[in-house]
Amino acid sequence: MKYRKTLIYLGSLTDMAARYNFRETETKWQTAWQEDAAFAASNDRAQPKYYVLEMFPYPSGRIHMGHVRNYTMGDVVARYRRAQGFNVLHPMGWDAFGLPAENAAIERGIHPADWTYSNIATMRGQLKMLGLSLDWGREIATCHPGYYRHQQRMFVEFLNAGLVYRKESLVNWDPVDHTVLANEQVIDGRGWRSGALVERRKLNQWFFRITDYAEELLTGLDRLDRWPQKVRLMQENWIGRSEGAYLDFPVDGRSDAVTVFTTRPDTLFGASFVAIATDHPLAVELAAKDPALASFVAECRTMGTTEEAIEKAEKRGYHTGLRARHPFIENKTLPVFVANFVLMGYGTGAIFGCPAHDQRDLDFARKYDLSVMPVVIPVGTDPTSFHVGNEAYTGDGRLHNSGFLDGLDVPAAKRAAIARLEGMERGKGAVTYRLRDWGISRQRYWGCPIPIIHCEACGVVPVPVEQLPVELPRDVDFSTPGNPLDRHPTWKHVPCPSCGAPAERDTDTMDTFVDSSWYYARFCSARSDKPVERDAVDYWLPVDQYIGGVEHAILHLLYSRFFARAMKKVGHLDVDEPFAGLFTQGMVCHETYKDPAGKWLFPEEVDKRPDGSVVTVKDGKPVTVGRSESMSKSKKNVVDPETIIKSYGADTARWFILSDSPPERDVEWTDAGVEGAFRHVNRAYRLVEEAVSSLPPPEAPAPAFGDEALALRRTTHKTIAGVTDDIERFHFNRAVARLYELTAALSADGGGADMAWARREGLETLIRLSEPMMPHLAEELWARLGHTTMLARSSWPKADPDLVRDDTVKVAVQVNGKLRGTIELPRDAAQSDAEAAALALAPVSAALSGKTVRKVVVVPNRIVNVVAG
RNA sequence: GCCCGCUUGGCGGAAUUGGUAGACGCAGCGGACUUAAAAUCCGCAACCCGCGAGGGUGUCCCGGUUCGAGUCCGGGAGCGGGCACCA
């Protein structure tokens, strides 16, 4: 119903021959590009390269508008750089492993591989309809053994290089589905599918030592000057560096000490307790002998892990009865608590509490009636009158009641405290990070098998490289919950590569983030029998422009940055930063619709009547229009790209998605906007069709130009300069606006030979500059203007500086900052001339009547401001 | 709670980075073409007062710097994003 108007319009044409037939034309040029291999990256390493990459899609079934936006922007960059003479690499692939394929298998009985490859076929076809200038010869799918075998090889190489290790760690275990859940799959403490209460279970898991690179990943951010500041900040916060110290609290009656981490060693004299996490080794040991502590620990564990639960959770502790000795104060001991707010995963899982200067410690101290002694006094405050109520003081100040630290400011006190601790061998300055090592084991089928064999005699044995890939077995059974690889009758049983005795494969697969952490490198030599060819990656990497959604600002981009360094360590490449430039695009949004029963409706299920009312197409019931939100299947506010392409053509879809909204911001998809873009496509076509017979041939010598022709040429060359600059700066919406203006300027007809020449120049420029956005129409019109070389292989125009700068300028004239008129002056006119011309303006003298001119500010070619009073 | 971003006509957004606010598009209005409609083309259009010439106001709010502020500074409001018992 939605595209009724257009379809009828197209169907009822009598002058079809003169009308732009986008269907035929788009197919024609897509075929021509393919036959010409116009977008295959060259192997000529002497040429300057440009690597444009968009985040590759997950093959979920069909492409959505987010893909259209992402890949259109990448294509604009690719086509623009190609026209500038760069050897462009612009590849496409599929992030093809992942849970949805297994869910399809469970729900619909389709094998994950079949489901995935069929989706890839559909989506590849859809992407091809968009006319993207991709080098399809380098297509990869991460679920293909030809890809993941290299990933397995690198896993082994990383293992040998000490970048991979195995340890027991806690996971979210769904006892009904017999599976491990990601944190996002735990909703209110229950499994998202089964609804069962999730247990914390210890499993042996593989980890990548990303924390080895914490400092480098942090400092490296400073050099990523073509990344959005926002993303760099998010990564910085995620890595979460903090400087402080480790220090030991010997425990009375025990031989070992509790080691704590603190960022505030300066506040040690204000310490009033020591607290350890519920899963701290000491707590575990004590709980084994103390049932009350054991039940306290158990109680803490049942507490939700949601943000809200944490927010509301009260600080609770269990007094162990142990006393820890203060490092600086002779004979002073502190009570040792097991506390619910201390995390085993950060620092050492133990803290000392200084209630006066830490809010959590203060809350805890108030509850358990511990002493609160301020030791940092704000400058200018009398120490005797400074008290801490219910708000801890975390600001700067002078140390007080702190022995050898007294009188120092906070930074100096930190240094002094650490120096003393180190001197006593009771502690040591240290840096910790929030970043944890990357656990990659997943108890799933549809992922890259971890190439490890567990042998009773030899232990953990990597699969020898010549035996890779460890392929996924095809005959798997999804009828019972859990990991099909683990249940498979034969797959995991193999002889140990080192002793030959019966052994078992690791039945875990890798986190799918591993797959996407190096695909950019694989594209450089996509068919190599090694993970990468060194000369190829040395030439192509880093990616010059990476484009994708901001939702990957942290994990994917951080993991990729780590992976590049890991690959460098084992000799596969020589860059640290895989993505030199990053652009994060906004989302595609659409209004939402609900019927009277409150059920979501697809846009094509609603009809907008001329009177402004909105009703259901089916039975005319009133529809509630909701605010525009990111397109999502659950709210049905989606528009299918294929429908749009079939109704309006790919060029219209591409043009529309680039116009109006700046690329980094969300764009609102509207039918009216699409129709506006469609109008433009047809107008451009008509413009050229109507003009072509009156134009001089291509490359005709330039005649002498009259004023009118010169003015048109100025517009043309200003557009070249403007659009070039806009594309460079990712201001595609402004580039589109400028092309609209040029189109309007070219609409006037008449004039002599000079106008005809200028019009050809203008039309060719319009076509040339529009090609990145609407390549099919541009190729078509280029050919109609008599060119025999493909536009895709022709170069970007250069603006003539003499035509970009005007001879005369319009200068605004203000009196006391208020606009009173404008004057036309020769460019770079003398200041005195500008001043005289300004003062001669009638509105200026009117505004000046009864006032004395105090001074005249002249900004050449811009403004004259007469200051009077 | 901490960190970051944004706020401009009816709507999406421009504004050469301190120099004529509102380019361009959408929606709207008026006109041309048409028997009529669609399509197309031309024009109008921030708001208020005024028949008009014109005048006044205006970029979330308050204040400041400046000859001049959407743009810089200080304070505040609203919306959005990231992180979060991180010691």
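First the proteins, then the strands, lettered A, B, ... as listed; each starts at 1.
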Among G82(B), C67(B), A87(B), find the nucleotide with the atom closest to the side chain of M234(A). G82(B)

Do any side-chain nitrogens or oxygens of Y346(A) fall under 4.0 Å of OP1 or OP2 in A87(B)? yes

Establish whether the base of C67(B) is bridged to the side chain of N865(A) by a donor-acceptor pair shorter than 3.5 Å. yes

Phosphate-side-chain proximity, R232(A) and C4(B), N/O vs OP1/OP2 below 4.0 Å: no

When you measure from the side-chain N and O atoms of R686(A) to the phosphate of A39(B), is any distance below 4.0 Å, counting only OP1 and OP2? no

Taking atom P in both U59(B) and C41(B), compute the distance separating them and give it to the nearest angstrom. 36 Å

Of the listed A14(B), U16(B), C85(B), the closest approach to the L343(A) side chain comes from C85(B)

Flag for S659(A)-N733(A): side-chain donor and acceptor within less than 3.5 Å: no

Could you check which of C4(B), U20(B), A14(B) has an atom nearest any side-chain atom of K810(A)? U20(B)

What contact category does V342(A) fall into here, base, sugar-phosphate, or nothing, at under 4.0 angstrom with non-hydrogen atoms? base

Rounded to the Å, how far apart are L819(A) CG and G54(B) P? 13 Å

What is the minimum heavy-atom distance between S242(A) and F261(A), and which atoms define it? O-CZ, 3.9 Å

Would you classify V867(A) as touching base, sugar-phosphate or nothing, given that sugar-phosphate means primed atoms plus P, OP1 and OP2, and contacts are heavy atoms under 4.0 Å? sugar-phosphate

Give one of base, sugar-phosphate or nothing for Y740(A), where a contact means two heavy atoms less than 4.0 Å apart. sugar-phosphate

Nearest-neighbour nucleotide for the R360(A) side chain, C86(B), A14(B), G55(B) considered: C86(B)

U17(B): syn or anti, per glycosidic angle within 90° of 0: syn

Only pairs with both distances under 3.5 Å count, Watson-Crick or wobble alike; so what is the partner of C44(B) in this structure? G28(B)

Quick note, R679(A) side chain, CB onward, closest among U40(B), G68(B), C83(B) is U40(B)

Give none if G80(B) has no partner; otherwise give the nucleotide forming a Watson-Crick or G-U wobble pair with it, both distances under 3.5 Å. C4(B)

Could you give the CZ-to-P distance, from F337(A) to C85(B), as a whole number of Å? 22 Å

Using atom C1' of each nucleotide, how far apart are A69(B) and G19(B) to the nearest Å? 10 Å

Between G56(B) atom P and K818(A) atom NZ, what is the distance in whole Å? 6 Å

Which nucleotide wins on minimum distance to the side chain of R434(A), given the candidates C24(B), C85(B), C83(B)? C83(B)

To the nearest angstrom, how far is E591(A) atom CD from C26(B) atom C1'? 13 Å

Please state the C1' separation for the pair G70(B) and G9(B) - nearest whole angstrom. 14 Å

If you pin V864(A) and D726(A) to their nearest nucleotides in RNA chain B, which one's is more 5'? D726(A)

Would you kindly give the CD-to-P distance between E741(A) and A14(B), to the nearest whole Å? 14 Å

Can you tell me, in whole Å, how much space there is between the P of A23(B) and that of A32(B)? 26 Å

Taking R232(A) first and then D222(A), would you say they form a salt bridge - that is, a charged N and a carboxylate O separated by under 4.0 Å? no

Just the rounded figure in Å: distance from P of U40(B) to OH of Y685(A). 16 Å

Work out how far the C1' atom of U71(B) is from that of G22(B), and round it to whole angstrom. 15 Å

Considering every strand and a 4.0 Å limit on heavy-atom distances, what is the contact class for R854(A): base, sugar-phosphate, or nothing? nothing

Salt-bridge test for D363(A) and K367(A): reply yes if a basic N is under 4.0 Å from a carboxylate O, no otherwise. no

With a 4.0 Å cut-off on N to O distance, would you call D726(A) and R738(A) a salt bridge? yes

Taking only Lys NZ, Arg NE, NH1 and NH2, and the carboxylate oxygens of Asp or Glu, determine whether D807(A) and R714(A) approach each other closer than 4.0 Å. yes

E299(A) with R316(A): basic N within carboxylate O range, under 4.0 Å: yes

Starting at atom CG of L742(A), determine the distance to atom P of A23(B), rounded to an integer number of angstrom. 18 Å

For C61(B) and A77(B), measure between their P atoms and round to the nearest Å. 15 Å

Would you indicate which nucleotide in G25(B), C26(B), C86(B) comes nearest to any side-chain atom of R436(A)? C86(B)

Which is true for G676(A) with a 4.0 Å heavy-atom rule: it touches a base, it touches only sugar-phosphate, or it touches nothing? sugar-phosphate

Could you tell me whether G9(B) is syn or anti, where syn means a glycosidic angle within 90 degrees of zero? syn

Per atom distances to the I863(A) side chain, the nearest of U20(B), A27(B), A23(B) is U20(B)

Please measure how far the C1' atom in U8(B) lies from the corresponding atom in A21(B), and state the result in whole Å. 8 Å

Nearest-Å distance for atom pair CG/P, residues L221(A) and C3(B): 19 Å

Given the side-chain rings of F656(A) and F678(A), with only the six-membered ring counted for Trp, is the space between their centroids under 6.0 Å? no

Inter-nucleotide P distance (C47(B), C2(B)), Å rounded: 42 Å

Got a donor-acceptor pair under 3.5 Å from the side chain of K230(A) to the base of C4(B)? no

Quick one: is N816(A) getting a side-chain N or O under 4.0 Å of the G68(B) phosphate, OP1 or OP2? no

Ring geometry between H326(A) and F269(A) (parallel below 30°, tilted from 30 to 60°, perpendicular above 60°): tilted

Starting from the 5' end of RNA chain B, give me the residue, V859(A) or S661(A), whose nearest nucleotide shows up first. S661(A)

The nucleotide from U20(B), C42(B), G25(B) with an atom nearest the side chain of S747(A) is C42(B)

Side chain of T262(A) (C-beta onward), nearest among A87(B), A23(B), C67(B): A87(B)

Base partner of A14(B), which must satisfy Watson-Crick or wobble distances under 3.5 Å: none

